[in-house]
Amino acid sequence: MNHQIKKDDNPDLIEERSKATFDTDAFGAFIWGGYNNLKRRREIARYYEDHKELHDTVPIAFMTREEKLENAYRKASIFENHIKKACDVNNPEEVRYFNWLVYHIDGHPTSVHSIMGFPTIINQSDKEQQERWLQSGENREYLATYAQTELGTNIKKLETTATYDQKTEEFILNSPTVTSLKWWPGNMGHSHNVAIVMAQLWINNKCYGPHPFFVQIRDPKTHKPLPGITVGDIGPKFGLNTTDNGFLKLDHVFPNGTYVPPVHDKIAYSSMMLVRAIITPLMGENLCIGATIAIRYSAIRRQGEIKPGDGEVQILDYQTQQHRLFPQLARGIAFLLAGRNTYNFCNNVLKDIKNGDVSLLADLHAILCGLKAISSYQAELGLEQCRMACGGHGYSAASGFPLLNSNQFNGVTVEGDNLVLLLQVARYLMKRAKEIRYEIRYGQQPSKPNEIYDYLFDDAPKKCLIDQAYVPNYKNVLESFEYLSKKLTLQAYDKLEQLKQRGRTSEVAWNECSVELCKAARAHIRTFLARTFINEVNQVNGLPLLTVLKDLLQLYLFYEVKECMAGLMEDGYMLGQQLHYVKKNIYEALSKIRPNAVSIVDSFDFTDRELNSVLGRRDGHVYENLLKWAQASPLNKHDVLPFHHKYLGRMMEEARQKSRL
Ligand SMILES: CCCCCCCC/C=C\C/C=C/C(=O)SCCNC(=O)CCNC(=O)[C@H](O)C(C)(C)COP(=O)(O)OP(=O)(O)OC[C@H]1O[C@@H](n2cnc3c(N)ncnc32)[C@H](O)[C@@H]1OP(=O)(O)O
Ligand SMILES: Cc1cc2nc3c(=O)[nH]c(=O)nc-3n(C[C@H](O)[C@H](O)[C@H](O)COP(=O)(O)OP(=O)(O)OC[C@H]3O[C@@H](n4cnc5c(N)ncnc54)[C@H](O)[C@@H]3O)c2cc1C
């Protein structure tokens with residue numbers, strides 16, 4: 001049953017919704033982690049709808065950058081009062097959702113304080129510092145950005161220095177070169193007045209590596225930059241244009257303090273881990289939003305005939321359109337599920353770290369790096385497919401895609417370039433490969449610490465077992481991912497070892513294997529995503545929901561296998577006939593999903609505000625609203641543009657006069 005049917009909606013959508021074979025609320029509860037969460041989302045959305053002061057005065061697409069910033073600041077100034085009424089502020093998902101409704105994809109203009117600056121203070125300060133800065137940070141008496149990236153350096157080689165002065169007992173922060181300028185920190189340009197500056201710590205001429213420092217960059221009252229600080233906005237970007245990403249130059253600035261060594265030398269990186277954990281489910285949500293817009297639009301757009309004489313069909317009936325869109329839906333769901341799992345894992349490990357237990361830090365780091373890299377890349381490609389699936393209207397800001405997709409671009413870069421992060425996964429895999437090779441050579445038993453990589457130590461079948469069974473066997477598909485991941489991991493490891501034996505240094509050998517290393521990392525993360533999706537679906541009771549989820553799972557697994565076919569077939573593990581079964585499973589899944597497609601996207605329960613798209617409107621009244629949208633464009637305030645006669649009008653008039661001569 002689809003709970004979104006309303007009699008005044010577009011008739012094609014009513015028809016689609018009436019065909020649902022499952023309960024959309026049950027699906028929504030599965031996606032958002034239970035019925036209560038679904039209910040809370042609806043209550044929060046209603047709160048937002050009822051409070052007009054939180055709405056945009058005109059569509060964001062019609063605003064200049066300054067207007068966007070002012071609009072965001074205006075909402076931020078009243079936001080704190082509202083959020084306490086709308087949400088359980090201790091529930092991060094509720095807070096995130098309310099933020100999304102109010103600010104949409106451009107984000108809260110103090111988001112870096114909430115997701116990076118302040119968490120760094122919470123997780124990386126001692127008791128005395130916490131007493132001084134925790135409550136005031138919570139109250140937003142100050143706003144802290146996270147200033148790590150520099151104009152031209154990498155994080156291990158950061159050039160910003162923090163030198164301890166024994167006499168004054170102060171740290172002196174300095175940007176010694178132009179490349180050492182902090183560049184990119186969010187909200188640093190104008191909004192925030194404190195920066196958590198990552199700098200190389202020097203004590204008694206010894207460097208202790210990058211450490212975070214709490215630096216007041218603007219006067220708390222006047223908001224003017226403090227002496228020694230040069231700060232500003234780095235200019236317009238593809239997206240995130242309500243975020244004033246900034247530059248910062250420190251000229252011998254003196255924040256005071258004492259040095260307390262952390263329990264692990266990578267603790268300073270824990271703020272990045274938290275954000276990477278947030279990014280994967282966000283990528284899932286973005287992709288599901290894009291798929292919702294494109295699928296709804298494809299259900300109301302009629303174009304061309306399949307059976308001559310039978311009339312124009314909904315473009316969603318074309319197999320090519322389904323093949324373009326449904327895999328995005330399945331991937332979006334896979335990211336949401338895996339993201340939720342690892343977010344919980346991340347919080348547990350961060351709690352352990354606080355108690356001095358860092359045993360799971362490396363496992364967590366690797367999985368977060370890999371998921372961030374795969375989900376942001378596939379979401380970017382997928383959103384582009386969704387945009388293209390909407391034809392010309394997909395290119396209009398009215399579709400929502402220009403804002404969504406241009407913001408999405410940052411996903412592959414923020415919190416570490418994706419390839420750099422895949423290489424972190426590869427480092428981790430190479431350690432496992434070493435254990436495997438040692439086990440074989442010396443009969444030692446490696447530790448088998450967790451489900452994430454146990455399969456690397458197991459003997460999987462040497463032949464692919466995918467067959468043409470009517471009910472697909474997910475275990476066979478999962479084993480194919482495991483086989484590929486293990487093979488690529490060991491191949492990369494063996495190549496590395498051979499190169500080193502031939503005299504290459506570890507670093508040079510690493511570089512010469514880095515494409516292969518990234519392939520191994522991708523295969524490992526694909527395996528994790530597939531396993532998580534299977535595990536989650538296996539926990540579902542209730543046949544109608546289970547059936548539609550299995551259709552999506554079937555599409556997900558076989559689509560991903562097809563993407564890996566070169567690696568699976570090159571050594572004869574998978575045969576040509578099996579590839580044929582894989583494709584058959586994909587096409588079958590597309591036809592099974594087709595009648596439920598609109599109801600699946602309805603189940604996400606996205607409001608029109610979240611979609612921000614005329615094409616994706618819940619009621620399907622696209623065409624009349626496209627006209628309204630165009631008429632609202634600021635250009636249409638005038639019948640004749642104020643500068644028309646100054647230029648084009650004059651040009652035409654002069655041309656007419658010439659031709660009269
Ligand atoms: C629509 C889009 C949505 C996006 C929404 C996001 C909204 C937020 C918007 C903006 C916020 C953005 C903020 C930022 O971007 S902040 C800056 C983030 N910067 C980075 O992420 C830089 C990336 N680089 C790194 O993290 C590191 O350089 C590195 C991890 C790639 C490498 O570390 P490094 O120490 O330089 O070198 P090694 O490779 O030698 O590593 C040493 C060793 O340490 C291990 N390790 C590294 N990090 C960790 C960790 N966090 N935990 C545990 N272990 C770690 C590493 O694996 C090595 O281990 P070894 O193999 O045993 O030696
Ligand atoms: C919207 C946005 C918001 C941001 N917000 C913040 C913030 O709040 N605070 C902050 O500190 N930073 C922030 N950043 C910076 C961001 O974290 C970095 O841009 C990101 O980590 C990539 O680093 P980079 O720009 O130095 O790219 P580079 O590291 O220079 O990457 C460029 C290319 O070089 C390749 N490359 C680099 N190193 C290696 C290697 N070792 N092996 C192989 N290939 C390599 C990469 O794969 C990539 O193709 C933000 C960036 C953006 C775009």
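We count residues from 1, following the sequence as given. We count ligands from 1, going down the list as the structure has it; atoms in each ligand are counted the same way.
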Where on [X] is there a heavy atom closer than 4.0 Å to ligand 1, on the side chain, on the backbone, on both, or on neither?
X      : result
Asn410 : side chain
Asn286 : side chain
Asn407 : backbone
Leu282 : side chain
Val112 : neither
Tyr146 : side chain
Arg276 : side chain
Glu415 : both

Can a side-chain donor-acceptor contact be found between [Y] and [X] if the only test is distance below 3.5 angstrom?
X      : Y      : answer
Asp244 : Ser191 : yes
Ser175 : Asp251 : no
Thr110 : Arg140 : yes
Glu150 : Thr179 : no

Protein non-hydrogen atom found under 4.0 Å from [atom]:
atom                    : result
atom 23 (O) of ligand 2 : no
atom 7 (C) of ligand 2  : yes
atom 26 (O) of ligand 2 : no

min-distance protein heavy atom vs atom 44 (N) of ligand 2 -> Val420 CG2, 4.3 Å
Out of Ile115, Asn245, Leu421, who is nearest to atom 4 (C) of ligand 2 when you count heavy atoms only? Asn245
Atom 12 (N) of ligand 2: which of Thr149, Leu423, Val197 has the nearest heavy atom? Thr149
Give me the ring orientation class for His108 and Tyr103: parallel if the planes are under 30° apart, tilted from 30 to 60°, perpendicular past 60°. tilted
Just to be sure I read this right, does ligand 2 sit under 4.0 Å from the backbone of Thr413, its side chain, both, or neither, counting only heavy atoms? both
With a heavy-atom distance limit of 4.0 Å, tell me whether Asn418 approaches ligand 2 through its side chain, its backbone, both, or neither. neither
Distance-only, no hydrogens or angles: does the [X] side chain make a donor-acceptor pair with backbone N or O of [Y] under 3.5 Å?
X      : Y      : value
Glu610 : Thr607 : yes
Asn612 : Gly400 : no
Asn245 : Trp184 : yes

[X]-ligand 2 polar pair, N/O distance under 3.5 Å:
X      : value
Asn410 : no
Tyr146 : yes
Asp417 : yes
Thr145 : no

Using a strict cut-off of less than 4.0 Å between a Lys/Arg side-chain nitrogen and an Asp/Glu carboxylate oxygen, indicate whether Glu415 and Lys372 qualify as a salt bridge. no
Would Asn154 count as a contact residue for ligand 1, given that I'm defining contact as a non-hydrogen atom of the residue lying under 4.0 Å from a ligand atom? no
Centroid separation under 6.0 Å, is that true for the rings of Phe98 and Tyr48? no
Quick note on ligand 2: atoms under 4.0 Å from a heavy atom of Glu415 include exactly 17 (O)
Going by the atom numbers of ligand 2, which of them fall below 4.0 Å from some non-hydrogen atom of Leu240? 1 (C)
Listing, residues 516-525 side-chain donor-acceptor contacts under 3.5 Å, not counting sequence neighbours, or none:
from, atom 1, to, atom 2, distance (Å)
His524, ND1, Tyr455, OH, 2.6

Are Lys249 and Phe247 side-chain neighbours, meaning at least one heavy-atom pair lies under 4.5 Å? no
Mark yes when over 12 heavy atoms from residues, nucleotides or ligands other than Tyr73 sit less than 6.0 Å from its OH; otherwise mark no. yes
Does ligand 2 have an atom that lies less than 4.0 angstrom from a heavy atom of Val414? yes
Just jot down the ligand 1 atoms closer than 4.0 angstrom to any heavy atom of Ile115, in number order. 8 (C)
Which residue pairs pass the salt bridge (Lys or Arg N to Asp or Glu O under 4.0 Å) test when at least one of the two sits in residues 278-294, sequence neighbours left out? Arg96-Glu285
